[in-house]
Q: 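Here it is, the structure in full.
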Amino acid sequence: MRYVLRDLETFLKIMEHPGRGQSYSIRDLAQTAQVSKSKIERLVRGELDWLDVNEAHRVVEALGVTVLVLFAPPASTDQ
């Protein structure tokens, strides 16, 4: 199941000013969230606009926000 990034600009702002302290670099966020660095890089560059449900939850946990702030779940469970 894929969660779609709602807004790249919001994602970048939250990376700079997370709810859990100091700003994240791409590498730091990837390490903390246990998501590949290349996937985070592609999100930041706008080349990718989704993560699987587990990755999305780990990213928002690292950033200190709820999942619905950054990601939209699929409209149906078939996706």
Q: Quickly, which of V53, L5, D49, T66 forms a side-chain contact (heavy atoms from CB on, under 4.5 Å) with F71? Name it, please.
A: L5
Q: Can a donor-acceptor pair be found, under 3.5 Å and without considering hydrogens, that links the side chain of R58 to the backbone of Q34?
A: yes
Q: Out of curiosity, K13 NZ to L8 CG, how far, rounded to the nearest 0.5 Å?
A: 11.0 Å
Q: What pair of heavy atoms forms the shortest contact from M15 to I26, and how long is it?
A: CE-N, 4.0 Å
Q: Any pair with a residue in residues 27-66 that passes ring pair (Phe, Tyr, Trp, His ring centres under 6.0 Å), sequence neighbours left out, goes on the list, sorted by first then second residue, please.
A: Y3-H57
Q: Specify the closest pair of heavy atoms between S23 and P18, including all atoms of both residues, with the distance to one decimal.
A: CA-CD, 3.8 Å
Q: Would you check if the side chain of R2 reaches a backbone N or O of P74 as a donor-acceptor pair within less than 3.5 Å?
A: no
Q: Using a cut-off of 6.0 Å, state whether more than 12 heavy atoms not belonging to E47 lie near its atom CD.
A: yes
Q: Kindly indicate, with the supporting measurements, whether the criterion side-chain contact (heavy atoms from CB on, under 4.5 Å) is fulfilled by I40 and V59.
A: CA-CA 9 Å; I40 300 296; V59 165; 4.1 Å; yes
Q: Could you tell me whether a side-chain N or O of Y24 sits under 3.5 Å from a main-chain N or O of T32, the two making a donor and an acceptor?
A: no
Q: Step by step, work out the side-chain contact (heavy atoms from CB on, under 4.5 Å) result for L29 and L63.
A: CA-CA 8 Å; L29 180 57; L63 294 172; 4.0 Å; yes
Q: Please say whether more than 12 non-hydrogen atoms of neighbouring residues, nucleotides or ligands are located less than 6.0 Å from CD in E9.
A: no
Q: For R6 and V69, what are the C-alpha separation, side-chain angles and deciding distance, and is it a side-chain contact (heavy atoms from CB on, under 4.5 Å)?
A: CA-CA 8 Å; R6 290 183 182 273; V69 169; over 6 Å; no
